[in-house]
Every structure is written in structure tokens, then in C-alpha cells.
2 protein chains.
Amino acid sequence: MAARKPQDQTGRTLGPRALQTRQRLLEATEALLDQRSVREIRVVEIARKVGTSPATFYQYFRDVEEAILQLVEQAAEDLPAIVERMEGPWQGGRGLDTARAISDAFVRHWDTHGAVLRVRNLKAEEGDRAFRRVRQAALAPVVERLARVVEEHQKAGKVSQEISAWAAGSSIIAMLERMSSYHAMFERAGVTRAQLVETCARILHQTVTGRQVA
Amino acid sequence: MAARKPQDQTGRTLGPRALQTRQRLLEATEALLDQRSVREIRVVEIARKVGTSPATFYQYFRDVEEAILQLVEQAAEDLPAIVERMEGPWQGGRGLDTARAISDAFVRHWDTHGAVLRVRNLKAEEGDRAFRRVRQAALAPVVERLARVVEEHQKAGKVSQEISAWAAGSSIIAMLERMSSYHAMFERAGVTRAQLVETCARILHQTVTGRQVA
DNA sequence: TGCGAATCTGATATAACGTCAGATTTTCCG
DNA sequence: CGGAAAATCTGACGTTATATCAGATTCGCA
């Protein structure tokens with residue numbers, strides 16, 4: 001469980017100078033990802049931005065995807081904070097607050113790491129094993145937590161037995177992720193971020209508890 | 001509104017031979033997109049697959065994205081069929097059937113055009129104008145139809161006024177799209193396609209009507 | 001048949017990839 | 001402090017892809 005130490009391509013662990021270079025390369029990659037399509041990311045350009053040569057990049061990463069994979073892992077470090085919010089209560093009006101906290105946390109997570117998460121999901125959908133694994137690792141706790149809430153409400157007869165708790169959890173996460181990545185587009189269409197968070201929170205709440213709040 | 005006739009890069013409209021070549025290039029692009037990451041699509045390879053030269057490709061498309069954009073437009077031609085299903089009734093048990101039809105239609109649409117739609121959404125999220133436009137054109141009728149159903153149920157007091165009808169429609173579509181693109185992954189985790197469709201249908205139904213069906 | 005239009009492609013300049021041998025910088029021991 | 005060894009970086013290069021254009025090829029039809 002200890003964070004693996006970064007290595008170079010020949011497997012040697014890195015000293016402080018190397019670590020710094022590597023981190024700079026990662027930051028440059030993320031910055032470029034914010035302004036260019038993932039299809040246009042060039043190793044040369046990443047290197048240029050750091051003031052180093054392409055050969056240096058290849059010392060630390062097999063290719064651009066590997067660098068992005070590292071960024072995805074760094075982004076995943078914020079997630080425990082989101083999972084914590086999910087431990088809130090689900091009864092009555094409090095449940096809606098819990099749902100709002102989750103919805104808001106997702107939007108914020110995507111505001112910070114959107115470009116990187118977008119590539120994570122792309123590669124995962126394209127079937128890339130490594131990206132699937134990190135996506136799975138990041139979201140499974142969230143999905144499972146939601147699924148458990150659904151199951152509890154199913155036992156209490158509040159939610160239909162025809163629903164698969166796990167599929168429901170996944171669906172909600174799917175919705176939150178995509179809406180988070182789209183919310184900038186909505187603002188242009190006159191839907192504020194707050195409305196979006198509120199709407200998603202209510203769908204989430206209603207789905208997992210079966211209850212509607214006026 | 002008439003389908004614009006395909007042109008080559010100098011604006012000339014195409015004869016039958018050219019049209020066939022162009023279509024072959026598009027098909028090769030789609031086939032390649034099914035097996036390689038979008039980051040790895042190469043014009044040379046598309047050309048090779050058709051048994052022609054890269055120069056021919058550039059006669060018809062500015063670059064790979066333009067070819068994909070054409071594929072996206074072709075894929076969008078199936079959509080009216082989905083929109084039709086949404087005209088079904090929303091009262092009582094019938095509502096759930098309508099929801100199921102929509103959910104199922106989405107999954108089928110993605111089964112057929114997944115690779116292309118994935119790129120459409122990627123480029124749209126990356127901010128590409130053209131891809132945003134076609135995505136918008138394809139999904140707006142669906143979103144608007146759902147939003148109208150939500151509004152009707154809000155007027156009848158069944159759905160909370162705190163929800164933004166348009167955001168709700170978008171959220172549901174977001175969920176359906178992503179779940180459709182993921183369903184293969186779920187099957188590995190023991191959730192069948194049928195369960196997925198049913199679960200999404202119920203979330204959709206409950207969200208737009210405020211009602212739950214046992 | 002042969003001409004003009006339509007279509008295709010070889011050749012090429014430009015640019016990125018990815019590797020490796022060797023240069024440069026840092027560390028640290030005597 | 002001096003200098004060798006370890007760590008880190010990079011110039012140079014063979015390979016592959018992009019994107020363009022002039023000219024070759026193919027087609028329809030008078």
C-alpha cells in the first residue's frame with residue numbers, strides 16, 4: 001500500500017534532482033492537456049516547456065500515456081475527501097444535504113482535474129487495462145457506498161427490487177462525472193452551476209432512497 | 001436542411017468514383033477506431049487499409065478529425081428512431097415501458113457506434129466547436145423532450161420545483177450515454193445488459209415522473 | 001478514337017518519435 | 001579540497017508520419 005517510489009525507465013529509483021525534473025514534466029503535461037486536444041499532445045512540446053530535451057522525457061516515461069497515468073494517480077489522491085462526505089445521514093431532509101455534498105464534490109473534483117480525468121475515462125473506455133484499473137480503484141468505493149445505501153432502502157421497501165443496486169450506483173456516478181465535465185457548457189445555455197448541482201443531488205437522492213423531497 | 005453534397009478539399013462536388021473512395025476511407029477509419037486508441041489513428045494506416053495513398057485521404061478530408069466528424073454525422077442518422085420512442089405514454093405502468101424503450105435504444109445506439117460516439121464526446125468536451133455542434137444537434141431533441149415531460153410533472157406537483165427541467169434531461173442523457181458505453185465492462189462484473197437497461201430505465205422514469213413503480 | 005475532366009499518387013519538405021552513446025553535473029570519500 | 005563514481009541530461013540520428021503538389025492515370029463521351 002505504500003506509494004511506490006517513482007523509477008526511471010531502467011528501474012532505478014530517483015534522486016531528488018530527478019524527482020524534480022519528473023514532476024516538472026508531469027506539470028507541463030497537465031498544463032498542455034488543458035489547452036490542447038489529447039490527440040495533439042507532443043513529447044517535444046512537453047520537453048520544450050520544461051526547458052529540457054525529449055530524451056529526458058523518455059528517461060521517466062515510456063510515452064505520453066504513461067505520464068498521464070501518473071497524473072491520474074495524483075488526481076485520485078483527492079478522492080478520499082469525497083468518500084467521506086458520503087458517510088452523511090440519508091434520512092429525511094438530511095439525506096438531500098448529503099446528496100448535495102457529493103454532487104458538489106464531484107463538480108469540484110472535475111473543475112480541478114478535468115483534462116486529466118477526461119483522458120482517464122477515454123482510455124478506460126477504449127479498453128486500456130491500466131487506465132481501467134485506476135478508474136476502478138478511484139470510483140469503486142464511491143459506487144459501493146451508494147449501492148449499499150440503495151440496498152438498505154430496498155430492504156425497507158422504499159426502492160424497487162427490480163433495480164440492481166450496483167448498476168444504480170454506477171449510473172449515478174456516470175451521471176455525476178459527465179455532468180461535472182459538461183457544466184461549463186451548461187452555463188452558456190443559462191443553467192447555473194448551482195442549479196446543476198441541485199438537480200443532480202435530487203436525482204441522486206431520489207434514486208438511492210426512493211424518496212422525493214419537496 | 002438538404003444533406004450537403006460531399007466535396008473534396010478544393011470545394012468540387014464529387015462524382016460516383018470519388019464518392020465510393022471517400023466512403024471506403026470513412027469505413028476504414030471507423031474500423032480502425034474500433035481497434036486502436038484515437039490517439040493512435042494514422043492517416044497512412046487508413047489509406048493502406050483502403051489500398052490507396054495518403055494523398056488520396058487528404059483529397060477528401062483536412063485531417064483525421066474531419067473524417068471522424070463525418071462518421072459522427074452518419075451515426076446521428078439513426079437517432080430519429082430513438083426520439084420517436086420518447087413519444088410513448090408516461091402515465092402509470094406504461095411510463096416505465098417508455099423509459100425502457102429509451103434506455104434500450106441508447107444502449108443499442110452505442111453498441112453500433114460506440115467508437116465514433118466516444119470521440120464525438122471527447123472532442124466536444126475538449127471544446128471543439130464542430131463536434132459540440134453535432135453532439136448538440138443530435139441530443140438536443142432528446143433532452144428537450146425529457147425536459148418537457150419533467151415540466152409537465154412539475155406542474156402536476158409530482159416533481160420538485162427545485163429541479164431544473166433541462167438540467168434533469170441532460171443528466172439523464174449523460175447517464176444513459178456513459179452507461180451505454182460502459183456496459184461491456186459491467187458484464188465482466190456480473191451485471192447483465194438487461195439489468196443495466198432496467199436500472200437506467202427506472203432511474204429515468206422516476207426522475208421525469210417523480211413516481212416509483214414496484 | 002481521342003480529348004477534357006475527374007481522380008489518384010509518387011515524390012518530397014517538414015516534423016515528431018524513441019534510442020543510445022557520451023557529455024555534464026552532483027555526490028561524497030579520502 | 002581533489003577527483004572518481006554515480007546520477008542525470010542531451011545531441012545526434014534512424015525511422016515513421018504529416019501534408020502538399022505537380023504530374024500521371026483513368027473515365028466519360030463527342
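Below, chain A is the first sequence line, B the second, and so on; all start at residue 1.
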Geometric class of the Phe106(A)/His109(A) ring pair [parallel <30°, tilted 30-60°, perpendicular >60°]: perpendicular
Whether Trp90(B) and His205(B) hold their rings parallel, tilted or perpendicular, with breakpoints at 30° and 60°: parallel
Under 4.0 Å, heavy atoms only, any strand: does [X] hit a base, just the sugar-phosphate, or nothing?
X: Phe61(A); result: nothing
X: Tyr60(A); result: sugar-phosphate
X: Ala55(B); result: base

Residue pair Glu126(B) / Gln35(A), side-chain donor-acceptor N/O under 3.5 Å: no
Short side-chain N/O contact from Thr56(B) to OP1 or OP2 of dT9(C), under 4.0 Å: yes
N/O (side chain, Thr21(A)) to phosphate O (OP1/OP2, dC9(D)) under 4.0 Å: yes
Could you state the [atom1]-[atom2] distance from [X] to [N], rounded to the nearest angstrom?
X: Lys49(A); N: dA16(C); atom1: NZ; atom2: P; result: 15 Å
X: Glu45(B); N: dT18(D); atom1: CD; atom2: C1'; result: 15 Å
X: Gln59(A); N: dG11(D); atom1: CD; atom2: P; result: 14 Å
X: Ile41(B); N: dT18(D); atom1: CD1; atom2: C1'; result: 15 Å
X: Tyr58(B); N: dA19(D); atom1: OH; atom2: C1'; result: 5 Å
X: Gln20(B); N: dC8(C); atom1: CD; atom2: C1'; result: 14 Å
X: Leu19(A); N: dC9(D); atom1: CG; atom2: C1'; result: 15 Å
X: Gln9(B); N: dA6(C); atom1: CD; atom2: P; result: 17 Å

Position toward the 5' end of DNA chain C (nearest nucleotide), Leu14(B) or Arg42(A): Leu14(B)
Proximal nucleotide (of dA6(C), dC9(D), dA17(D)) relative to the Arg12(B) side chain: dA6(C)
Closest nucleotide among dT10(D), dA16(C), dA7(D) to the Val44(A) side chain: dA16(C)
Electrostatic pair Arg36(A):Glu45(A) at N-O distance under 4.0 angstrom: yes
Under-4.0 Å salt bridge between Glu125(B) and Arg132(B): no
